[in-house]
Amino acid sequence: MAIQSPTGFNDMLPDDELFWEEFQAVARQVFGLYGYNQVEVPIAEQTELFVRGIGEATDVVSKEMFATFSGENLKTLLDGGNLKSKSRLSLRPEGTAGVVRAVVQHDLVPQGGAPAKLMYAGPMFRAERVQKGRLRQFHQVGVECLGAEEPTIDAEAIIMLMRFYEKVGIPAEKMNLLINSMGCEKCRPAYREAVRAYMDQHADELCETCNTRKEINPLRAFDCKNDGCKEVMAGAPRISDHLCPDCKAHYDQVREYLELAGISYEEDYKLVRGLDYYTRTVFEVQASDGVGAQSAIGGGGRYDKLAEEVGGRPTPGLGFALGFERCKLVLEACGKEFPKAAKCDLFIACVDASVRSAAFKLMQSCRDAGVTAEMDHQGRSLKSQFKLADKMNAANVAILGPDELANGQVKLRNMATHDEMLVKLEDAVSTLLATE
Ligand code: HAM
């Protein structure tokens, strides 16, 4: 059997690539209005960055990272040797840790300087169990704002995210924005202990995984899909009752700004997100159509301690990422028309082989003038050339025969209207440009 792509790693064929381009262009346009500029960070980073940044106990780091080795380093490992930490690399499971690393490395937020507002787009890798909307290589568009802790930044990022979805074609009524506050290093430890104590009281009603989670990160139990655990966790202490005055005021203001902008949201005390770096505001957008169980089409939050975690000076941060493939599933369910691979402006059909050089020359003049042009390269019959022109979705066909060529002319046929006109060979390009 011919070799297939690995499970969960999909090809992006020309039509997919066109939509990926359009998706990024909309993001650049919308996020640009809010001051975000694009960056590109490496696909692989030192594994330690993700361990320290995202958190060793998260599923993403403990189970889902793809390690990557040079041939030489792999040999060292297979021979039982050890690698220095800078040679231990992993494919990025998300973009935040890498962007924050870059901000710290290049000092993009100098002390007292303006916040850095950065966007990125590209593939991410997680060794997850593959299902509809859940891939091992998927694409995210994300933003990160470093150097500002004001609630206006949280609110404007959420507003911008919702504006993006609408602009790309997802109707507001198909989405649900969930928000929560995770507190900070002052109030969360006590809250975490309260949840752990509650879980201890209900240990025999919780699944094994939750009982293990309880020791390392009890808040993850809010994410458990087990019905028994869901029921127990519904009665667990809520973070909203445990926020310190600063976190409460911050959260209140984020909600006020969202209301001011007319953004509807739902508060969800269960929203804890799967990455350990979050502090204060967290949010997620879930879609109702097309995505099945994987309904989160985007999410993010504040991470005021992450820069320090990766070795930088204290720099508050906030961002989000949205999943391209999941958004596409939602858009398909909404009946969106996706762009089709580029249309050919002109197909040049040769009546016989004697005109091929002239056809080739005309094709080149077209391309040089910005007109997409194609011809047959395999000596097909005239009839087959017309079929090929149809397949290529050609807007016009130029018919070039020895008689036309002898008169320095070519016949142009508009494939939509079937109108034909005889034009001078040297005027063919300008005629096409004029009728575009
Ligand atoms: P995340 O929630 O892990 O957050 O991922 C963001 C989005 O990426 C998800 O809502 C989903 O649409 C998409 N996604 C995640 N995993 C998969 C997968 N296996 N297959 C397909 N799509 C997927 C982050 O990654 C954070 N870095 C977001 C962030 C930025 N927080 C602060 N700044």
Side-chain angles (χ1 to χ4, degrees), residues 7-10 20 23 27 31 36 39 41 45 49-50 53-55 58-61 63-66 91-103 116-146 153-154 157-158 160-161 164-165 168 170 175-180 182 220 223 271-287 290-307 309 316-331:
T7 308
F9 291 77
N10 290 348
W20 172 227
F23 195 81
F31 303 164
Y36 284 81
V39 289
V41 293
E45 297 272 359
L49 173 72
F50 301 122
I54 299 172
T58 58
D59 282 356
V60 169
V61 168
K63 300 191 221 158
E64 296 169 1
M65 285 219 291
F66 283 101
L91 296 182
R92 60 184 187 194
E94 56 105 55
T96 311
V99 170
V100 171
R101 193 257 322 126
V103 166
K117 286 179 152 186
L118 307 170
M119 79 159 264
Y120 52 92
M124 307 291 160
F125 304 85
R126 295 185 194 176
E128 297 207 67
R129 263 193 306 120
V130 175
Q131 55 169 249
K132 186 174 183 188
R134 191 160 71 192
L135 299 164
R136 294 190 148 199
Q137 176 177 345
F138 56 97
H139 294 76
Q140 283 187 344
V141 170
V143 305
E144 312 297 344
C145 173
L146 275 294
I153 288 290
D154 308 43
I158 297 174
M160 174 172 102
L161 174 64
F164 168 82
Y165 287 128
V168 92
I170 305 182
M175 294 181 286
N176 197 12
L177 166 66
L178 305 175
I179 64 167
N180 191 19
M182 302 281 293
R220 298 238 41 84
D223 246 2
L271 184 66
V272 289
R273 312 261 310 131
L275 313 158
D276 273 358
Y277 47 61
Y278 291 113
T279 50
R280 294 192 166 169
T281 318
V282 285
F283 51 95
E284 197 160 280
V285 179
Q286 299 187 342
V291 268
Q294 302 306 318
S295 59
I297 54 171
R302 182 162 276 292
Y303 46 82
D304 291 342
K305 295 286 152 196
L306 181 55
E309 210 63 67
L318 173 122
F320 62 71
L322 42 98
F324 168 69
E325 287 81 1
R326 289 191 195 168
C327 288
K328 188 156 184 264
L329 286 172
V330 177
L331 288 164

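Every number for a ligand or one of its atoms is a count from 1 in the order of the listing. In this chain, residues are counted from 1 in sequence order. For the numbers below, each heavy atom of this structure counts, side chains included, while hydrogens, waters and symmetry mates do not.
Residues passing the side chain to side chain contact (heavy atoms under 4.5 Å, CB included) test with Gln294, sequence neighbours excluded: Gln131, Arg134, Arg326. Ala27 pairs by the side chain to side chain contact (heavy atoms under 4.5 Å, CB included) definition with Phe31, Met119, Val141, Phe164, not counting sequence neighbours. In terms of the side chain to side chain contact (heavy atoms under 4.5 Å, CB included) criterion, residue partners of Asn176 (sequence neighbours excluded) are, by chain and number, Leu178, Glu266.
Remark: the Thr96 side chain and the Tyr277 side chain contain an N/O donor-acceptor pair separated by less than 3.5 Å.
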Would you tabulate the polar-atom pairs, meaning N/O of ligand 1 against N/O of the protein, with distances under 3.5 Å, reported to 0.1 Å?
residue  : atom   : partner : partner atom : Å
ligand 1 : 2 (O)  : Arg273  : NH1          : 3.0
ligand 1 : 2 (O)  : Arg273  : NH2          : 2.9
ligand 1 : 3 (O)  : Arg126  : NH1          : 3.0
ligand 1 : 3 (O)  : Arg126  : NH2          : 2.9
ligand 1 : 4 (O)  : Arg273  : NH2          : 3.0
ligand 1 : 5 (O)  : Gln140  : NE2          : 3.2
ligand 1 : 8 (O)  : Gln140  : NE2          : 3.1
ligand 1 : 10 (O) : Ala296  : O            : 3.3
ligand 1 : 10 (O) : Gly298  : N            : 3.1
ligand 1 : 12 (O) : Ala296  : O            : 2.9
ligand 1 : 12 (O) : Ile297  : O            : 3.4
ligand 1 : 12 (O) : Gly323  : N            : 3.3
ligand 1 : 19 (N) : Glu128  : OE2          : 2.7
ligand 1 : 19 (N) : Leu135  : O            : 2.9
ligand 1 : 20 (N) : Leu135  : N            : 3.0
ligand 1 : 25 (O) : Arg126  : NH2          : 3.1
ligand 1 : 25 (O) : Gln140  : NE2          : 3.0
ligand 1 : 27 (N) : Glu94   : OE1          : 2.6
ligand 1 : 27 (N) : Thr96   : OG1          : 2.8
ligand 1 : 27 (N) : Tyr277  : OH           : 3.0
ligand 1 : 31 (N) : Tyr278  : OH           : 2.6
ligand 1 : 33 (N) : Thr96   : OG1          : 3.2
ligand 1 : 33 (N) : Glu144  : OE1          : 2.8
ligand 1 : 33 (N) : Glu144  : OE2          : 3.1
ligand 1 : 33 (N) : Gly319  : O            : 3.4
ligand 1 : 33 (N) : Phe320  : N            : 3.3

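Closest non-hydrogen pair, Val282 versus Leu271, comes out as CG2-O, 3.7 Å.
Residues Phe23 and Phe324 place their aromatic rings such that the two centres sit under 6.0 Å apart.
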